[in-house]
Amino acid sequence: MEEIIVPGEPRWPGLSGGRWTGIGLLAAVVAVLGWLAGSALRGTGAAAERYVLFGLAAFFGFLAFLWAQYLARAEGELYRPVFGWWAAFPAGAAVFAAGVLLGGAGGWPVGAGAVAAVLAAAGAARRDRRLRLAALAGVRAAALHRVRVRAEGETVRASVVEVLSRADTPDDRGRYWTGLTLRYTVAAGTEHTVEHRAGFSVHDTPRVGRGATVHHLSADPADIEVVLDPAGLPADDPDLPDRIARLHRLHLDGALTAEEFALAKRQLLAPGN
């Protein structure tokens, strides 16, 4: 049975000192390249040569910016920087523009653009922070709700009556996701048909007819927490899912440790039991 992981209180993901040092050094590189670009524009050579030098400096400055954004990822988050592009790009442009001004080119238009870029970056950073914390709070609230439904809700048996579209690629945990249509009858005798999104491994694809244990709060039988039966569940023991559910209830109540629960579950699923 999948363990529900409840994240901690939402907090802004931090960066290590080494990452901040790397970002600072790359920001200095962007500023120096901006200075070189400004110096090229202010130079006395042919216009074509000056523009080529400016373009090269801007190009390498952009590469340095991309590397800084790569370093600005939170620990454990491979693809998501702490600040999004709407905050990072204006900040990088402001640093480059400051270098151009130090190089003696651009004048007040570049200075005004740098100030506008700083203001845009600050506003986008505040928005990124607000949205990130709201998203983390939503994940935590959903996990806590799942724990409550599984711990306090009523338990009924369900069956998969339809398998909906399945994702072609796995998530970062190697799990695929699909939509399932489940049918079950609650204690009051009312039958419910509910769509549920389920994750599974590549060797454990849900199929029509597969059983499941459904936990639901009595106030809302359609708000469910689903535990699919193991793929190798013996078909000649219809009481086995209920026995597994009782073991899990004992584990949640603290009567069984995680190791005891896992051992008892393996014994139930072993051939001949």
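Listed by chain and residue number, Phe65 satisfy the ring pair (Phe, Tyr, Trp, His ring centres under 6.0 Å) test with Trp85 (two or more places apart in sequence, or in another chain). Annotation: side-chain contact (heavy atoms from CB on, under 4.5 Å) contacts of Leu119 (sequence neighbours excluded): Val115. Residues that satisfy the side-chain contact (heavy atoms from CB on, under 4.5 Å) test with Glu191, not counting sequence neighbours, are Arg183, Thr185. Listed by chain and number, the residues in a salt bridge (charged side-chain N to carboxylate O under 4.0 Å, His left out) with Glu152 are Arg148 (sequence neighbours excluded). Contacts of Ala141 classified as side-chain contact (heavy atoms from CB on, under 4.5 Å), with partners at least two apart in sequence or in another chain: none. With sequence neighbours excluded, the residues satisfying side chain to side chain donor-acceptor pair (under 3.5 Å) with Arg140 are Glu9. Remark: Trp20 pairs with no residue by the ring pair (Phe, Tyr, Trp, His ring centres under 6.0 Å) rule, at least two apart or across chains. Under the ring pair (Phe, Tyr, Trp, His ring centres under 6.0 Å) criterion, His145 pairs with no residue, sequence neighbours left out. For the side-chain contact (heavy atoms from CB on, under 4.5 Å) test, residues two or more places apart in sequence or in another chain that qualify with Ala105 are Leu41, Val100.
Residues Gly84 and Asp128 share a closest heavy-atom pair of N-OD2, 2.7 Å.
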Quiz item: When you look at Leu182 and Val160, which way does the side chain to side chain contact (heavy atoms under 4.5 Å, CB included) test go after all the steps?
Solution: CA-CA 5 Å; Leu182 297 162; Val160 177; 3.5 Å; yes

Quiz prompt | CA sep, side-chain torsions, deciding dist, call: Leu180, Leu228, side chain to side chain contact (heavy atoms under 4.5 Å, CB included) | solution = CA-CA 11 Å; Leu180 302 176; Leu228 291 172; 4.1 Å; yes

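A distance of 9.0 Å separates CG in Leu36 from CG in Leu53, rounded to the nearest 0.5 Å. Annotation: the span from Trp67 atom CH2 to Tyr70 atom OH amounts to 5.5 Å, rounded to 0.5 Å. For the atom pair Arg146 CZ and Asp223 CG, the distance stands at 11.5 Å (nearest 0.5 Å). Note that CG of Leu131 and CG of Leu136 are 11.0 Å apart. Values are rounded to the nearest 0.5 Å. With rounding to the nearest 0.5 Å, the separation of CD1 in Ile224 from CD in Glu195 is 10.5 Å. The structure places OG1 of Thr213 at 4.0 Å from CZ of Arg157, a figure rounded to the nearest 0.5 Å.
More than 12 heavy atoms of other residues, nucleotides or ligands sit less than 6.0 Å from atom OH of Tyr176.
Pairs passing the ring pair (Phe, Tyr, Trp, His ring centres under 6.0 Å) check and including a residue from residues 181-200, sequence neighbours excluded, read Tyr184-His192.
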